[in-house]
Number of protein chains: 2
Amino acid sequence: MEREAGVLQPAELKVEFSGCPVKASLDVLGHKWALLVLRNIGLYHVQRFNDMLRITPGLTKRVLAMRLRELEREGFIQAVERGPRYTRWGLTEKGEDALPILMTLVRFGSKWYADEVFADKRSRTLGDVFQISYIRQILGRLPA
Amino acid sequence: MEREAGVLQPAELKVEFSGCPVKASLDVLGHKWALLVLRNIGLYHVQRFNDMLRITPGLTKRVLAMRLRELEREGFIQAVERGPRYTRWGLTEKGEDALPILMTLVRFGSKWYADEVFADKRSRTLGDVFQISYIRQILGRLPA
DNA sequence: GCCGAAGGTATCCTAAGTAAACCATATGAG
DNA sequence: CTCATATGGTTTACTTAGGATACCTTCGGC
């Protein structure tokens, strides 16, 4: 009989979980469009409401407004500039720490969904996609 | 004015996207419970239907059945053993390639949601959580 | 003053996910 | 052999998250 998730302890695990860090992370980032909004800000440097709408096919104003408020409330993003004309969003430290998740998603998608990602439909490695210095900057020196 | 997502090209990007690899990856993995089912199989080595239900609070039979079929159809998992009593699920090569995503989620959750992940509520690094050899085995030598 | 763009809300509708009951097959205990 | 229990589901009904669309206010340019 299996044990509870919080008490699971495969051989590779050095600690005992009382909850699951994957589940915890997904409580916020698992909502639809959340990771793509983070991608817009952190990876594409698109900081404004209507610009995000424009570059994110399928995303609606209503949901974007919800995700921005949620990500702000949960400490992933903050207003870099809040004017009457527009607000520019940037990542907090917590948001920056979520970039490695996006990196692994880029890596996965570039390998397995090359047909919809690249015009020539050829798989690519992370090193093919980003400058090495940038990859190091984001992924840092794992496992830290 | 911003360009389309597929034509975006920040300084760090070496290639031009025609679609977004993050978006593509999330088409399957973005569905609720999908990453947690993958976690059950790939990280926790829990391979059977009712075992997954037991260790995954909130997940229902109906959704689990849907996610298993979807993950199988999309090539993330396969039946390791399909008997009359039960089926044991394992990762395909594609599923294994998704483990780095789970790793970064573990890393993120262990740092930012330590209060719900660890009994002592103290943040931990990936190196605190997994054996180094295991981290290397999964994350490999990035950026490849 | 008029127009368009930015950044939203309000209203309604659909699809995804949740809850709970039901069910067939297969042991396992007696 | 028979009964109880577990496994791995499906069915039906319900709730909620998200999609579509219309509307609205503020600002700046002309």
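The analysis underlying the following values was restricted to heavy atoms, covering all of them including side chains, and did not include hydrogens, waters or symmetry mates. Keep in mind that this is a model prediction, so the values were computed, not measured. To find a chain, count down the sequence lines: A is the first, B the second, and so on, and within it residues start at 1.
The CG-C1' distance, from B:L53 to C:dT18, rounds to 13 Å in whole Å. Between the CZ atom of A:R69 and the P atom of C:dG7 there is a distance of 14 Å, given to the nearest Å. When the P atom of D:dA6 is taken as reference, atom CG of B:D51 falls 13 Å away, rounded to whole Å. Across the protein-nucleic acid pair, B:R54 atom CZ and D:dG9 atom C1' stand 14 Å apart, rounded to whole Å. Here the P atom of nucleotide D:dA17 and the NZ atom of B:K32 are 8 Å apart, to the nearest Å. Atom CH2 of B:W89 and atom P of D:dT7 are 17 Å apart (whole Å). Rounded to whole Å, the distance from NE2 on B:H31 to C1' on D:dA17 is 13 Å. Rounded to a whole Å, the CG atom of A:L64 is 13 Å from the P atom of C:dA6.
Each of C:dG7, D:dG9, C:dG17 was ranked by its minimum atom distance to the side chain of B:F49; first place goes to D:dG9. Side-chain proximity of B:K61 to the nucleotides D:dG9, C:dT9, C:dG7 is greatest for D:dG9.
Using a 4.0 Å heavy-atom distance criterion, B:R48 is classed as a sugar-phosphate-only contact.
By the 4.0 Å N-to-carboxylate-O rule, A:E74 lies too far from A:R67 to be salt-bridged with it. Classification of B:K94 and B:D97 as a salt-bridged pair fails, no side-chain N sitting under 4.0 Å from a carboxylate O.
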Candidate pair B:K111 and A:E93, rule salt bridge (Lys or Arg N to Asp or Glu O under 4.0 Å), full reasoning: CA-CA 12 Å; B:K111 173 166 181 182; A:E93 186 199 342; 3.6 Å; yes
Test log, rule side-chain contact (heavy atoms from CB on, under 4.5 Å), inputs B:Q78 and B:E72: CA-CA 6 Å; B:Q78 65 192 355; B:E72 185 188 30; 5.7 Å; no
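Map A:R85 and A:W33 each onto its nearest nucleotide of DNA chain D; the residue landing nearer the 5' end is A:W33. Both B:R67 and A:L68 lie close to DNA chain C; mapped to their nearest nucleotides by heavy-atom distance, the more 5′-ward contact belongs to A:L68. Position along DNA chain D of the nearest nucleotide to B:A65 versus B:N50 favours B:N50 as the more 5'-ward residue.
Applying the 4.0 Å criterion to OP1 and OP2 of D:dA17, one finds that A:R62 has every side-chain N and O outside that range.
With no hydrogens or angles considered, no side-chain donor-acceptor pair links A:D128 and A:S110 at under 3.5 Å.
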